Chemist: 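My questions will all concern the structure given below.
Only a predicted model underlies this, so the values are computations on that prediction, with no experimental measurement involved. The residues of the chain are indexed from 1 along the displayed sequence.
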Amino acid sequence: MILAEYFLGKPYIAFALSPENPERVYISLEDFDCVTFIENVMSLYASKGQDSLYKKNLIYWRYSNPNDIRFETREHYFTSALRRMVTEKRLEQVHSPVEVNSKKTFSFLSNFYRSKNKNISIPELQHMEQKLAGQSISYFPTAQVTGILPWLRDGDIITFVSRRNNLDVQHTGFIVQKKKNWYLLHASQEAKKVCISEKNLTDYLKSHPSFLGFQVFRPNFIK
């Protein structure tokens, strides 16, 4: 995870992306939230140093239709982007017999913006949410984390599944190994910067009771 560690110390920034239409493609390697950190690192790696490919890959990660960039086509639910990446074989979801499935309503976004006077199509958001709600989310319960540790690899992407029925995941980052323990390399809202968590993964999960559990996705360049 040398590339991701390059950004250690960069500031955390929330709400940098467009709050409504017209949608502006926000590109910055100087500040991140947890999702844009993943998007940027993965896009940089895939671009092999070519600026034009980096932007193309970033747009591919962030929008369900790269040829139709609008607020409504942005991947507001990270689950949707991850599923596309698995389908395209850019990622592989890590599975084990202890995982469970959950159905969610994916209604947070449309409900949040319904009362806002924004240039956003609520019916289009609802249509997107209904498609997502038709598929289960598979994840590892927090109580099973110790049994999953041997399955992990340095550089895996981890997402933390929300207890809220209307929301898919609450946080994401990369998994890194330090001194035989697994830690989270992430853009942390709590620390206000990109950092490696002080707590190992087991303790981090225990300290966040709002998480149902976690998912692990392996980039295709990790063998």
Side-chain angles (χ1 to χ4, degrees), residues 1-18 24-63 66 69 74-76 78-82 84-86 88-94 148-149 151-160 169-205 207-208 211 214-223:
M1 272 284 92
I2 295 174
L3 179 58
E5 291 184 3
Y6 173 80
F7 297 104
L8 286 171
K10 294 290 186 181
Y12 177 95
I13 184 171
F15 310 117
L17 306 187
S18 303
R24 177 175 64 96
V25 181
Y26 183 76
I27 298 177
S28 173
L29 296 175
E30 296 300 321
D31 47 51
F32 308 94
D33 64 23
C34 65
V35 172
T36 59
F37 181 56
I38 299 292
E39 292 174 343
N40 275 280
V41 170
M42 295 300 295
S43 299
L44 279 171
Y45 186 90
S47 71
K48 307 298 182 183
Q50 298 182 51
D51 289 345
S52 60
L53 282 180
Y54 157 62
K55 182 177 180 180
K56 180 179 179 181
N57 284 319
L58 184 63
I59 289 172
Y60 183 82
W61 266 89
R62 190 170 294 169
Y63 298 94
I69 296 175
R74 194 197 309 163
E75 297 283 30
H76 298 278
F78 199 38
T79 293
S80 180
L82 292 170
R84 281 197 298 111
M85 297 304 162
V86 170
E88 295 291 328
K89 302 190 183 304
R90 298 189 180 205
L91 297 176
E92 175 186 347
Q93 185 170 2
V94 176
I148 299 302
L149 296 180
W151 297 64
L152 303 180
R153 295 183 189 174
D154 203 65
D156 283 346
I157 296 170
I158 186 168
T159 69
F160 299 97
V169 299
Q170 287 184 227
H171 191 48
T172 186
F174 292 103
I175 297 171
V176 294
Q177 191 171 37
K178 304 288 183 183
K179 298 180 179 179
K180 298 184 179 181
N181 270 313
W182 293 105
Y183 293 86
L184 182 64
L185 171 55
H186 61 150
S188 169
Q189 186 175 20
E190 296 167 345
K192 305 300 182 187
K193 63 182 179 180
V194 175
C195 63
I196 296 175
S197 58
E198 293 183 0
K199 296 177 180 179
N200 63 38
L201 181 59
T202 301
D203 291 339
Y204 183 86
L205 279 159
S207 68
H208 288 80
F211 299 159
F214 61 101
Q215 302 170 297
V216 178
F217 294 87
R218 184 157 297 150
N220 62 9
F221 52 81
I222 297 178
K223 303 300 182 183

Chemist: When rounded to the nearest 0.5 angstrom, what is the spacing between OG1 in T159 and CD in Q170?
Modeler: 11.0 Å

Chemist: Evaluate Y60 against R90 for side chain to side chain contact (heavy atoms under 4.5 Å, CB included), listing each step before the verdict.
Modeler: CA-CA 12 Å; Y60 183 82; R90 298 189 180 205; 3.6 Å; yes

Chemist: Please evaluate residues V216 and W151 with respect to the criterion side chain to side chain contact (heavy atoms under 4.5 Å, CB included), reporting the C-alpha separation (whole Å), side-chain torsions for both, the decisive distance (0.1 Å), and the verdict.
Modeler: CA-CA 10 Å; V216 178; W151 297 64; over 6 Å; no

Chemist: What pairs meet the side-chain hydrogen bond (donor to acceptor under 3.5 Å, both in side chains) rule with one or both residues in residues 27-43, with sequence neighbours excluded?
Modeler: K10-E30, Y26-D31, S28-D31, D33-T36, E39-R62, N40-Y54

Chemist: Got a second to check how far F7's CZ is from L44's CG, nearest 0.5 Å?
Modeler: 5.0 Å

Chemist: If you take all heavy atoms of N57 and S47, which pair is closest and at what distance?
Modeler: ND2-N, 3.7 Å

Chemist: Between S80 (side chain only) and E75 (backbone N and O only), is there a donor and an acceptor less than 3.5 Å apart?
Modeler: no

Chemist: Would you mind listing every salt bridge (charged side-chain N to carboxylate O under 4.0 Å, His left out) that reaches into residues 189-205, with sequence neighbours excluded?
Modeler: none

Chemist: When you compare the side chain of F221 with that of M42, does any pair of heavy atoms fall below 4.5 Å?
Modeler: yes

Chemist: Working to the nearest 0.5 angstrom, can you tell me the gap between L184 CG and N200 CG?
Modeler: 11.0 Å

Chemist: Can you tell me which residue among L3, V41, D156, I196 is in a side chain to side chain contact (heavy atoms under 4.5 Å, CB included) with F174?
Modeler: V41

Chemist: Do any N or O atoms from the side chain of T172 and from the backbone of C34 form a donor-acceptor pair under 3.5 angstrom?
Modeler: no

Chemist: Taking the side chain from N220 and the backbone from K89, do they hold a donor-acceptor pair closer than 3.5 Å?
Modeler: yes

Chemist: Judged by atom type as modelled, is there a donor-acceptor pair below 3.5 Å linking the side chain of R84 to the main-chain atoms of Y63?
Modeler: yes

Chemist: So, does R74 use its side chain to make a donor-acceptor pair with the main chain of S18 at under 3.5 Å?
Modeler: yes

Chemist: Can you list the residues that meet the ring pair (Phe, Tyr, Trp, His ring centres under 6.0 Å) rule with F211, with sequence neighbours excluded?
Modeler: F160, H208

Chemist: List the atom pairs, with distances to 0.1 Å, where a side-chain N or O of residues 176-183 and a protein N or O form a donor-acceptor pair under 3.5 Å, not counting sequence neighbours.
Modeler:
unit_1: K178; atom_1: NZ; unit_2: E5; atom_2: OE2; d: 3.1
unit_1: W182; atom_1: NE1; unit_2: L149; atom_2: O; d: 3.4

Chemist: Is any side-chain heavy atom of F32 closer than 4.5 Å to a side-chain heavy atom of H186?
Modeler: no

Chemist: How long is the span from the CD1 atom in I59 to the CD1 atom in I69, to the nearest 0.5 Å?
Modeler: 4.0 Å

Chemist: Any side-chain heavy-atom pair from I158 and L152 closer than 4.5 angstrom?
Modeler: no

Chemist: Are V169 and L82 close enough that some pair of their side-chain heavy atoms sits under 4.5 Å apart?
Modeler: no

Chemist: With sequence neighbours left out, write down each residue that passes ring pair (Phe, Tyr, Trp, His ring centres under 6.0 Å) with F214, or none if nothing qualifies.
Modeler: F140

Chemist: Could you give all pairs that pass the salt bridge (charged side-chain N to carboxylate O under 4.0 Å, His left out) test and reach residues 40-51, with sequence neighbours left out?
Modeler: none

